[in-house]
Amino acid sequence: MKQIKIFIILIVSSLQLLAQKYPSPPASPNRLFYIQRSNNAHTVVYDANFVNAKTFHHENPVNVYWIRYDETTHTQKLNAVEKALAYGVEVERNAKEKDSFDVKIVALKKRTLKVKINDSGKPIATMQINGIEGQLCKVFVQLENEDALKPTVKYIELFGKNLSTGEAIYEKFVP
């Protein structure tokens with residue numbers, strides 16, 4: 001029994017350390033999802049970009065930027081290399097649904113997201129997560145050789161919500 005208590009304490013402590021290492025970005029009404037990586041706590045954020053209350057900016061419907069967690073927490077634009085090779089997005093208007101967009105993250109073009117307004121009037125990004133149509137909330141990227149100029153992706157985890165039930169859904173895959 002004592003060993004079980006020690007094990008539980010270790011697990012809870014480990015989860016707390018992970019939570020400290022990877023803080024959740026502050027809530028935003030325009031938040032679509034965010035990406036965190038194993039090499040540091042800096043976070044890439046994807047927010048909906050509107051021209052007015054609920055109309056997407058048609059040429060740039062997704063605003064992508066960093067939240068840097070160092071001495072001072074601050075936002076920063078992606079640089080040209082980050083946009084072109086990793087975190088930038090390619091966007092096309094969705095031909096079937098008015099005011100929705102098909103979005104691909106440059107480094108993961110095999111997966112298409114749909115950015116739209118849900119029935120509650122909130123912007124969301126949807127995609128297939130473990131075979132279920134869901135709202136994407138968070139992406140975690142586990143890197144190998146993290147100190148290299150071009151790290152290798154070991155695996156990617158997708159965290160979301162089932163669009164039908166609201167239950168949490170999850171997928172882990174090797175790109």
Side-chain angles (χ1 to χ4, degrees), residues 6-50 57 60-91 103-115 122-130 132 134-162 166-175:
I6 292 171
F7 181 71
I8 291 171
I9 290 169
L10 287 172
I11 289 177
V12 170
S13 298
S14 297
L15 291 173
Q16 289 172 338
L17 285 174
L18 283 175
Q20 290 171 357
K21 185 175 180 186
Y22 302 111
S24 295
S28 165
N30 295 345
R31 178 72 27 81
L32 297 169
F33 64 96
Y34 59 93
I35 297 176
Q36 293 181 316
R37 302 150 313 126
S38 62
N39 61 334
N40 60 45
H42 301 323
T43 301
V44 182
V45 177
Y46 295 76
D47 284 347
N49 189 19
F50 294 107
H57 187 288
N60 185 26
V62 180
N63 182 27
V64 185
Y65 59 94
W66 286 101
I67 294 181
R68 298 285 189 174
Y69 294 101
D70 26 42
E71 296 83 36
T72 62
T73 300
H74 61 281
T75 61
Q76 181 177 319
K77 292 181 180 182
L78 298 180
N79 66 38
V81 173
E82 293 164 342
K83 283 182 187 178
L85 300 178
Y87 306 110
V89 292
E90 295 177 356
V91 178
V103 176
K104 293 182 180 184
I105 299 171
V106 172
L108 192 60
K109 291 184 181 181
K110 292 180 182 178
R111 299 277 185 126
T112 301
L113 299 139
K114 184 187 296 180
V115 172
K122 181 184 181 312
I124 61 171
T126 64
M127 69 182 303
Q128 289 287 314
I129 302 174
N130 206 19
I132 300 168
Q135 176 184 343
L136 180 64
C137 300
K138 174 184 172 182
V139 177
F140 181 78
V141 180
Q142 180 64 49
L143 301 171
E144 290 183 318
N145 62 331
E146 296 176 1
D147 295 331
L149 288 175
K150 187 176 179 195
T152 304
V153 175
K154 185 174 182 180
Y155 61 83
I156 298 173
E157 294 177 293
L158 305 175
F159 299 85
K161 294 181 204 172
N162 183 316
E167 293 177 352
I169 53 177
Y170 168 82
E171 180 180 353
K172 179 178 177 180
F173 65 95
V174 177

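Because only heavy atoms are used, hydrogens play no part in the values below, and waters and symmetry mates are left out as well, while side chains stay in.
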What are the two closest non-hydrogen atoms of [X] and [Y], and how far apart are they?
| X | Y | value |
| --- | --- | --- |
| Ala41 | Pro23 | CB-CD, 3.8 Å |
| Leu78 | Gly88 | CD1-N, 4.2 Å |
| Val153 | Pro175 | CG1-CG, 3.6 Å |
| Thr152 | Asn145 | N-OD1, 2.9 Å |
| Arg31 | Pro25 | NH1-CB, 3.6 Å |
| Leu113 | Ala125 | CD2-CB, 4.1 Å |

Test side-chain contact (heavy atoms from CB on, under 4.5 Å) applied to Val141 and Ile35, step by step: CA-CA 7 Å; Val141 180; Ile35 297 176; 4.0 Å; yes
Min side-chain heavy-atom separation [X]-[Y] under 4.5 Å:
| X | Y | value |
| --- | --- | --- |
| Leu136 | Thr126 | no |
| Val64 | Val89 | yes |
| Met127 | Leu158 | yes |
| Pro151 | Asn39 | no |

Output the distance between atom [atom1] ([X]) and atom [atom2] ([Y]), rounded to the nearest 0.5 Å.
| X | Y | atom1 | atom2 | answer |
| --- | --- | --- | --- | --- |
| Ser24 | Lys138 | OG | NZ | 6.0 Å |
| Arg68 | Thr75 | CZ | OG1 | 10.5 Å |
| His74 | Asp70 | NE2 | CG | 5.0 Å |
| Ile67 | His42 | CD1 | NE2 | 11.5 Å |
| Ile124 | Cys137 | CD1 | SG | 9.5 Å |

Whether Asn63 side chain and Ala48 backbone form a donor-acceptor pair below 3.5 Å: no
Check: Phe140 ring centroid to Tyr22 ring centroid under 6.0 Å: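 Centroid distance Phe140-Tyr22: below 6.0 Å, so yes.
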Under the ring-ring contact (aromatic ring centres under 6.0 Å, His included) test, residues paired with Tyr155 that sit two or more places apart: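 For Tyr155 there are no ring-ring contact (aromatic ring centres under 6.0 Å, His included) partners, ignoring immediate neighbours.
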Non-neighbouring partners of Tyr34 that pass ring-ring contact (aromatic ring centres under 6.0 Å, His included), sequence neighbours left out: none
Side-chain polar contacts of residues 167-174 - donor-acceptor pairs under 3.5 angstrom, sequence neighbours left out - could you list them?
residue	atom	partner	partner atom	Å
Tyr170	OH	Glu157	OE2	2.4
Glu171	OE1	Arg111	NH1	3.3
Glu171	OE1	Asn130	N	2.6
Glu171	OE2	Arg111	NH2	2.6

Chi angles and distances behind the side-chain contact (heavy atoms from CB on, under 4.5 Å) call for Lys122, Gln135: CA-CA 11 Å; Lys122 181 184 181 312; Gln135 176 184 343; 4.2 Å; yes
Test side-chain contact (heavy atoms from CB on, under 4.5 Å) applied to Trp66 and Val45, step by step: CA-CA 6 Å; Trp66 286 101; Val45 177; over 6 Å; no
Donor on one side chain, acceptor on other, Gln36 and Thr43, under 3.5 Å: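 The criterion, which ignores hydrogens and geometry beyond distance, is satisfied for Thr43 and Gln36.
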Side-chain H-bond candidate by donor/acceptor type, Tyr65 with Asp47, under 3.5 Å: yes
Criterion side-chain contact (heavy atoms from CB on, under 4.5 Å) on Leu32 and Val115, from CA distance to verdict: CA-CA 8 Å; Leu32 297 169; Val115 172; 4.1 Å; yes
